[in-house]
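Shown next, in structure tokens, is the structure this report addresses.
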Amino acid sequence: MTRIRELRQKQGLSQAALAKSVNVDQTAVSKWELEKSFPDIAVALRVADYFGVSIDYLLGRDEIKKEPVTNNDDGLTEFDKDIIRRIRNLPPEKAEIVYTVLRGFEEDHK
């Protein structure tokens, strides 16, 4: 899956960093990039969401990265979206820990 390699390299990520972000082993990312294996649908969805692309684009079936979103001025920066993607990829119990820590920081800055 050369698209994964292209997207990963464009963002300056190592295979290990991508693997950690989508909750898989680094060897899985290596095998995908060498086309020795393919991610299952749940993992492919996490990878597509992480990079902000469609599944079709990720799998090389489409040249358009994502359908254009109309009237979506949510005010979120790419940094904000990256944080949200990362939290969504966590198991629920770990996401709750992150939320608790963030609330603690928020309380400290009031």
Side-chain angles (χ1 to χ4, degrees):
M1 299 186 71
T2 58
R3 286 268 168 86
I4 291 177
R5 179 184 298 125
E6 290 169 13
L7 292 164
R8 178 182 62 75
Q9 289 176 338
K10 185 175 180 182
Q11 290 195 11
L13 293 172
S14 66
Q15 288 181 343
L18 174 59
K20 184 175 180 180
S21 294
V22 297
N23 201 27
V24 297
D25 190 82
Q26 183 270 327
T27 57
V29 175
S30 175
K31 288 179 181 180
W32 303 337
E33 291 183 359
L34 295 171
E35 297 186 345
K36 291 184 177 182
S37 71
F38 298 94
D40 66 35
I41 190 68
V43 174
L45 285 168
R46 289 198 308 264
V47 174
D49 286 346
Y50 179 81
F51 287 118
V53 298
S54 69
I55 288 286
D56 281 344
Y57 181 82
L58 188 70
L59 299 177
R61 293 174 35 104
D62 194 346
E63 292 304 312
I64 300 171
K65 287 187 177 182
K66 199 147 195 166
E67 300 283 324
V69 178
T70 58
N71 298 326
N72 189 17
D73 186 15
D74 55 16
L76 296 175
T77 66
E78 286 305 312
F79 180 75
D80 298 333
K81 293 174 185 177
D82 184 49
I83 290 171
I84 292 167
R85 274 192 299 270
R86 289 172 187 268
I87 292 171
R88 284 183 177 165
N89 289 332
L90 292 173
E93 63 277 3
K94 290 191 178 185
E96 184 65 34
I97 292 168
V98 171
Y99 178 74
T100 302
V101 169
L102 289 173
R103 296 272 319 244
F105 284 133
E106 184 180 49
E107 292 296 321
D108 289 345
H109 286 88
K110 282 187 176 182

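The first residue in the sequence is number 1, and the count goes up from there. Values reported hereafter were calculated over all heavy atoms of this structure, with side chains retained and with hydrogens, waters and symmetry mates removed.
- Rounded to the nearest 0.5 angstrom, Ile4 CD1 and Glu33 CD are separated by 7.0 Å.
- Taking each heavy atom of Thr2 and Glu35 in turn, the nearest pair found is N-OE2, 4.0 Å.
- Of all heavy-atom pairs spanning Gln11 and Tyr50, the tightest one is OE1-CE2, 4.0 Å.
- No chain of hydrophobic side-chain contacts below 4.5 Å, direct or via other Ile, Leu, Val, Met, Phe, Trp or Tyr residues, connects Tyr99 to Ile84.
- Under the rule for a side chain to side chain donor-acceptor pair (under 3.5 Å), Arg88 has no partner lying at least two apart in sequence or in another chain.
- Residues passing the side chain to side chain donor-acceptor pair (under 3.5 Å) test with Glu96: none are found, sequence neighbours excluded.
- In this structure, Leu58 CG and Trp32 CH2 are separated by 8.5 Å, a value rounded to the nearest 0.5 Å.
- Residues passing the side-chain contact (heavy atoms from CB on, under 4.5 Å) test with Gln9, sequence neighbours excluded: Arg5.
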Start with the C-alpha distance between Arg8 and Phe51, add both sets of side-chain angles, then the distance that settles side-chain contact (heavy atoms from CB on, under 4.5 Å), and finish with yes or no. CA-CA 8 Å; Arg8 178 182 62 75; Phe51 287 118; 4.2 Å; yes
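- Atom CD of Gln26 sits about 10.0 Å away from atom CG of Leu18, to the nearest 0.5 Å.
- Here Ile55 pairs with Ala44, Leu45, Ala48, Leu59 under the side-chain contact (heavy atoms from CB on, under 4.5 Å) rule; sequence neighbours left out.
- Taking both residues in full, the closest heavy atoms of Leu13 and Ala17 are given as CD2-CB, 4.1 Å, listed atom of the first, atom of the second, then distance.
- With a 4.5 Å cut-off on side-chain heavy atoms, Arg85 and Lys81 count as touching.
- Remark: Asp25 engages Thr27 in a side chain to side chain donor-acceptor pair (under 3.5 Å) (not counting sequence neighbours).
- Here Lys20 pairs with nothing under the side-chain contact (heavy atoms from CB on, under 4.5 Å) rule; sequence neighbours left out.
- For the residue pair Tyr57 and Arg3, the shortest heavy atom distance occurs at O-NH1, 2.5 Å.
- Every residue was checked against the side chain to side chain donor-acceptor pair (under 3.5 Å) condition with Ser14, not counting sequence neighbours, and none meets it.
- Under the side-chain contact (heavy atoms from CB on, under 4.5 Å) criterion, Asn23 pairs with Arg46, sequence neighbours left out.
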